[in-house]
Each structure stands twice: as structure tokens, then as C-alpha cells.
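Please read the structure below before turning to the comments.
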Number of protein chains: 2
Amino acid sequence: MTKLPSLKNLSYLLALHQHQHFNRAAQACHVSQSTLSSGIQNLEEQLACQLIERDHKSFLFTAMGEEIVEQARTILTSAEELVNFSLSQGKQMEGPLRLGCIPTIAPFLLGALSKLIQRDYPKLQLHLCEDTTTNLMNQLRNGELDVVLLALPVDLQGNQAYVLGRDPFKLVVHKSQAAALKEPVNYGLLPDHSLFLLEREHCLSGHAVNACEMADSVKINPFTATSLHSLVQMADARQGATFLPQLAIDRGILNDTDLVALRPSGREASREIGLVYRATTTRRQTFRKLAEAIATLLPVPTLR
Amino acid sequence: MTKLPSLKNLSYLLALHQHQHFNRAAQACHVSQSTLSSGIQNLEEQLACQLIERDHKSFLFTAMGEEIVEQARTILTSAEELVNFSLSQGKQMEGPLRLGCIPTIAPFLLGALSKLIQRDYPKLQLHLCEDTTTNLMNQLRNGELDVVLLALPVDLQGNQAYVLGRDPFKLVVHKSQAAALKEPVNYGLLPDHSLFLLEREHCLSGHAVNACEMADSVKINPFTATSLHSLVQMADARQGATFLPQLAIDRGILNDTDLVALRPSGREASREIGLVYRATTTRRQTFRKLAEAIATLLPVPTLR
DNA sequence: GTTGATGCATTGATAATTTCGATTATCATA
DNA sequence: TATGATAATCGAAATTATCAATGCATCAAC
């Protein structure tokens, strides 16, 4: 059998790749710069190939280095999964679980989820993290997260997902305009520029626009908000309209406003909520149970 | 970050699992018995769980131990792939490649393949191994083999495969009977018990019987052979018939016999040849090129 | 230019870990 | 009750990892 590199050195390599800086990487690993430096050299020697090109002041990962980093990443996450698995004694619902969630779901679900987990699986330590879909997917890939809760469809990039349920979109309008409308709402009746959406990059905008088949409508107000809460504030103050997921409405986002929720026209005006995990995971059973728990909290649960 | 177990200790665990004996496992790892013993204890301490139940004379892996072994296996094979990858400088067609093959393909293909590889990819060191489908799949899973060449369909058990081509079955009969038959052959014209097949467990028997839609026919002779070559000997000596893959016939297995090959009736009288590899591999490109090379040697190449 | 700051490599002493051989403990069995 | 087989334990020796300090090259500021 050939001599294998140590996991420690591989983790040094990953840290260096992440920080692109020996000192900061060393700090992140809680070792001195010289330790990390020699660890990397050690690796290069064992693997008999150059991983980084040195430039005395700076350095650059070689193509090989990048490739090795990718492979090392999966090895290290597997190893971490192994210790987590054993530390939790193989019990599926024990030990730490790092869950990422997008901002248009998190505030309306994680509170209830946290309570539910606390009640049903008190030994499961849920660590939560709120970020954009892109960032969450990166963190999942890097092993910084175990599972990610987000709106589908999304490019799974080789990961796998459980579909937990469906979250219908509602058209939310000011009381003063609601009288003139009847369900399902015909968008043509809305004043021009009266529809507020999240910033374009935000996945919810895309989902809502697609779901309601109204891309580039003249109805959309060019101002864009960055959170559902500010969206509500805008619509309320300017007597406009917006789309909100049922989930947010159920959790009282419209309380203390003069807004009412109406059913929009267009088929399938909804988003799907999915739980994404690495294909290489060993914790499918855990994620499955978590998925079941989350599904019970959704407007239209449809676990598969 | 939690403290990770060392790859070395994990490999000790795997060796112990394989040999079920401390001394022999230690020898296999080229370390002393005490080293291996304390390595295992170390693991148990780090993972905070009992991996083996000791019985003073003997021992038994716990359920957790078995599970950890499985996970450790994938980690170690990934690590080994990493060093192989780097040692071959990322060149796809360099370094060692361990190929397993079933006995009804190996003798008719590996010679030509070996020659082809030697010519086109001289730096690829092909290690060959001939065994049954079941054993090959186990060795693939254990990381003892990199790829396996066999007849499809087969339970992939989470592995992946390239389909390389199709190998038609021919009905091989003695000259003295050939005159009475015309293609495609109607089995009813064969004398009872005149058809020789490989032993029942052998995948080729199943493939041939299925392909020609003649399960449990009274035509089948209860005597079964263990290799295609002895099958040919039987049919030749006893003036019977048998099924042979085109591949074997192309390589001259009927030379110096009084047998002739005829096209059997029944649609799709053929087997598919596939190249199977672990889903977690990092060498898909290598396997792809190998697949292309092998496909050119098959009677009906259909790479996908 | 000179100076100071930055960033990685090197060095040599020290600490930690690994490994081995020898020994011990336990059990089965002859 | 010896004997042999097996795994755990122990202590010394070898190996390896780590750190603080230093070296060396580069760059920016003046």
C-alpha cells in the first residue's frame, strides 16, 4: 500500500486554498505559519507534484493543486461525517446538524422548526445559517453545512434533494385597491409600476414572476427590496402590491398592515421547498426525518 | 474543527476487519501487533464508541464497528485515488489501473486489449484479474479493483457503468447436424438433451437462456461445463450444441473443431458488455478512454 | 536609495506521537 | 497443570510535528 497523506496536511491545504494566505490559513487551523508551510511542502513531496506556484511574495494554486483540493475536500468531509456519526453513536437524531436556509424561508420557518426539533429530537443540535442560495450551495459543497433548505428548482450540482412541499404565492395588495379586484386576480387591473419585487437576483423574484407568467410586465415597480419585510413595508406605505409566499403570510407578516392577500391568476403560482444534501452523505436517514419534520410546517406538504 | 482519526488507524481497522485477527492484520499492515492493537484502541477513544467487542480470546465487530468500517473504506479508497492521481501527474492514461474481468470475456479480449493499451497508452500499467461477477463487484467495492468488465445487466449496487457494446450469441452445433438446420435456428429441431450450457450460476447461461427465450427447455443437457472452452470440447465430442458469444468465436474458439456457428432465433440474442466503476471515482475520464479502447474490440461496439 | 512592512521559507530546539519488543493476562486444550 | 495462542499493556527509542525566531525577497513610502 502506498503512503497516504495525513488528513491534517490535507486540511492545511484546504485552509490555504480558502484563505489564499499562509498566515491567515495557519490561524484558521490554530497552528503557526511555519507548521502550515512545512505541511504543504510535505504534501507536495508525498504527492510528488507541485500544488502551488510560489512567487516569493505571493503564490498561486496550480491546476493540479486545484484538483487535489477538490478531492481532499470530499475526503475531509467524509472523515468529518464519520466522526460525527460515531460521536452521536449512530443515533440518527443526535449530535450537531448544520442547516442552511434562504432568507425568504428562514424567518418564517426556523422558529417553529427549532421548537419542533427541541421537542421531538432534543439531542439534535441544530446550527442554523441564513444566506443566499448560491452561498449556501457553496457551503454545502465545502462541508461547512450538512443540509440546505431552499426554493426549487435549483441547479443541484451533483447534490441530492428531498422535495418537502409547496408554498403558494399570494398577491398582496392594499385594502384600498382590494375592492376593485376579484380572485383570481387579473394583473391588468393593477396600476402601472405598482408591483414591488425583491431584487432581481433574488430567487423569489424569479419564482414569482415565472409562476405568474408575467415577466417584464410594465406593472413592476423598478424599485426593489432586499427582504420580504421591507417589501411589505413598501407595499403598505405606497399602497402598492407585491407577491408573498403563503408561508410568510401564515406567520403573520401582514399583521399591523393594511394589506390583504389574494389568489393570483396563472397556474402553479407557487414555489417548492427542498432540502438539499451531498450525494456522498452517510446521513440520509437523518435528513429524511428532518425533511418529514419540516414538511409538517409547510402550507402544502408533499414529501418525496 | 473536531479531531479527525488518522488514515493509518482507519486502515488498521480495515485490515482487522478483513483478517479478523490482530496478528495477521498487523502483518498485512507491516506493523507490529501492539501497534495495530493500540491503533484500534486509539480509534475507539477518538470516536468515543466501541468498535469491537473483546472476548479475551477472540473478538467481534460491533454494529457500529461494521458501519465505521464501511465509511472508512470509502475514505481510504478516495485517499488512495488522490495519491494515484497526483503520482500520475493527473495524466489520465498513466500509472496503475486494476481491471477485473469475467471468465467468459477475459480470454477473448484481454490479450488484444493489452496490446492496444501498450500501443496507445504505454504508460498505463494495466493489472488484470479474472473472477466471477460477484467477486469482482466485491473487489470493486473494497477498492481492490478500479474497474470491472462484465456482462450486463447486473445489479450495479450504487456503482456506475459505461455500456461498451453488444456481443451476439450464436448457436454452435456439430457439422453433422448443421445440414438439417437453417438460420435462424428453430430449437425444436435439436435433439433432446443436446444443448450444453455453463453451470447454472454462471451469468452467461442466464443471459443466453433469456436472450433466446428458452428457459427450462427439455433440450438442455443436465451436464454443465465451467468454461467456454470445455463447453466447446463437450459439444464437439458429443455432437451436441451450445451457445457461444460472437466474441469467443471471433477469437477462434471453434478452430480445430467440427462445430459451426448459426444465428439463433429469438430477438436480441446477445449480451451487453459494460465497464463498471465506483460512483465516487475521480477517474471517469480514464475509464471513458479505456471504454472507448475496449469498444473497438467488440463485435458490435455501441459506447454510451 | 533607504526604510519599514509584508509574506513565505528555513532553522533548530522542544514537545508530542508512533512504534517496537518484551511482558503480562486470559483462556482453551492437551 | 503445563502449553500455546491471542490480545492488551508497558517503557524505551525513534520519528514526527510544532513553534519561535530568523532569513530572504519584494514592495511601497518617503
Side-chain angles (χ1 to χ4, degrees), chain A residues 1-62 64-66 68-69 72 76 79 83, chain B residues 1-62 65 68-69 72 76 79 83:
Chain A
M1 187 173 344
T2 66
K3 180 93 169 71
L4 299 176
S6 77
L7 292 184
K8 206 183 297 189
N9 283 351
L10 290 181
S11 74
Y12 292 165
L13 187 71
L14 283 205
L16 184 61
H17 187 256
Q18 187 180 139
H19 294 96
Q20 293 289 323
H21 189 289
F22 274 73
N23 243 312
R24 284 193 285 276
Q27 280 181 290
C29 296
H30 308 291
V31 296
S32 72
Q33 172 260 316
S34 65
T35 299
L36 189 132
S37 177
S38 63
I40 301 291
Q41 289 177 61
N42 229 314
L43 260 189
E44 291 189 305
E45 203 173 325
Q46 279 178 20
L47 300 183
C49 72
Q50 196 179 7
L51 301 176
I52 59 183
E53 272 182 89
R54 285 135 172 110
D55 187 89
H56 275 115
K57 179 79 177 169
S58 168
F59 63 90
L60 207 67
F61 273 75
T62 63
M64 268 300 281
E66 294 282 349
I68 296 287
V69 162
L76 280 167
V83 312
Chain B
M1 183 169 352
T2 66
K3 181 93 169 68
L4 298 176
S6 77
L7 291 183
K8 206 181 298 189
N9 284 351
L10 290 182
S11 75
Y12 293 165
L13 187 71
L14 282 204
L16 185 61
H17 187 255
Q18 188 181 137
H19 294 96
Q20 293 289 324
H21 189 287
F22 275 74
N23 243 313
R24 285 193 285 278
Q27 279 181 288
C29 296
H30 309 291
V31 296
S32 72
Q33 171 262 317
S34 65
T35 299
L36 189 133
S37 176
S38 64
I40 301 290
Q41 290 177 61
N42 229 315
L43 259 188
E44 292 189 304
E45 202 174 324
Q46 280 177 20
L47 300 182
C49 71
Q50 197 179 7
L51 300 176
I52 59 183
E53 272 182 89
R54 284 127 172 115
D55 189 82
H56 277 118
K57 178 78 175 168
S58 163
F59 62 89
L60 206 68
F61 274 73
T62 64
I68 296 286
V69 163
L76 281 167
V83 313

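Just so we're clear, the structure is a prediction, and the values are computed from it rather than from any experiment. In the text below, chain A, chain B and the rest are named by the order of the sequence lines, each starting its count at 1.
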Which residues pass the side chain to side chain donor-acceptor pair (under 3.5 Å) test with B/Ser37, sequence neighbours left out? B/Gln41
State, with a plain yes or no, whether a side-chain heavy atom of A/Leu76 is found less than 4.5 Å away from one of B/Leu4. yes
Roughly, in whole Å, what's the span from CG in A/Leu7 to C1' in D/dA17? 15 Å
List in chain and number order the residues that pass side chain to side chain donor-acceptor pair (under 3.5 Å) with B/Ser32, two or more places apart in sequence or in another chain; answer none if no residue qualifies. B/Ser34, B/Thr35
Please give, in whole Å, the distance from C/dC20 C1' to B/Gln27 CD? 15 Å
Separation between CG (A/Leu14) and CG (A/Leu7), nearest 0.5 Å, reads 10.5 Å
Separation of D/dT16 C1' from A/Glu45 CD (nearest whole Å): 13 Å
Are any of the side-chain heavy atoms of B/Leu16 and B/Phe61 separated by less than 4.5 Å? yes
If each of A/Ser58 and B/Asn9 is mapped to the nucleotide of DNA chain C with the nearest heavy atom, which maps nearer the 5' terminus, i.e. the 5' end? A/Ser58
Side-chain heavy atoms of B/Tyr12 within contact of B/Val31, under 4.5 Å: yes
Please produce a list of atom pairs where a protein N or O lies less than 3.5 Å from an N or O of nucleotides 20-25 of chain D.
from: D/dA20; atom 1: N6; to: A/Ser34; atom 2: OG; distance (Å): 2.9

Distance check, rounded to the nearest 0.5 Å: B/Arg24 atom CZ versus B/Gln18 atom CD? 11.5 Å
Taking only side-chain N and O atoms of B/Tyr12, does any of them lie within less than 4.0 angstrom of OP1 or OP2 on C/dT18? no
Distance check: side-chain N/O of A/Lys8 vs OP1/OP2 of D/dT18, anything under 4.0 Å? yes
Expressed in angstrom and rounded to an integer, what is the separation of A/Leu10 atom CG from D/dA17 atom P? 13 Å
Please examine the side chains of A/His17 and A/Glu66, heavy atoms only from C-beta on, and report whether any two atoms are closer than 4.5 Å. yes
Residues of residues 17-26 of chain A with any non-hydrogen atom less than 4.0 angstrom from an atom of DNA chain C: list those, numerically ordered, please. A/His21, A/Phe22, A/Asn23
Point-to-point distance, once rounded to the nearest 0.5 Å, from CD1 of B/Ile40 to CG of B/Leu10: 9.0 Å
Going by atom type alone, with no hydrogens or angles, which donor-acceptor pairs under 3.5 Å involve a side-chain atom of residues 43-52 of chain B and a protein atom two or more places apart or on another chain?
from: B/Glu44; atom 1: OE1; to: B/Arg54; atom 2: NH1; distance (Å): 2.8
from: B/Glu44; atom 1: OE1; to: B/Arg54; atom 2: NH2; distance (Å): 2.9
from: B/Glu44; atom 1: OE2; to: B/Leu51; atom 2: N; distance (Å): 2.7
from: B/Glu44; atom 1: OE2; to: B/Ile52; atom 2: N; distance (Å): 3.2
from: B/Glu44; atom 1: OE2; to: B/Arg54; atom 2: NH1; distance (Å): 3.2
from: B/Gln50; atom 1: NE2; to: B/Ile52; atom 2: O; distance (Å): 3.4

Could you tell me how far apart A/Leu60 (CG) and C/dC8 (C1') are, to the nearest whole angstrom? 15 Å
Output the residues of residues 36-43 of chain B in contact with DNA chain D, where contact means a heavy atom of the residue under 4.0 Å from an atom of the strand; sort by number or write none. B/Ser37, B/Gln41
Could you state the atom-to-atom distance from NE2 of A/His30 to P of D/dC19 in whole Å? 11 Å
In whole angstrom, give the distance that lies between atom CZ of B/Arg54 and atom P of C/dC27. 15 Å
Distance, nearest 0.5 Å, that separates CD of A/Gln33 from NE2 of A/His21: 9.5 Å
Distance, rounded to the nearest Å, where A/Phe59 contributes CZ and D/dT26 contributes C1': 16 Å
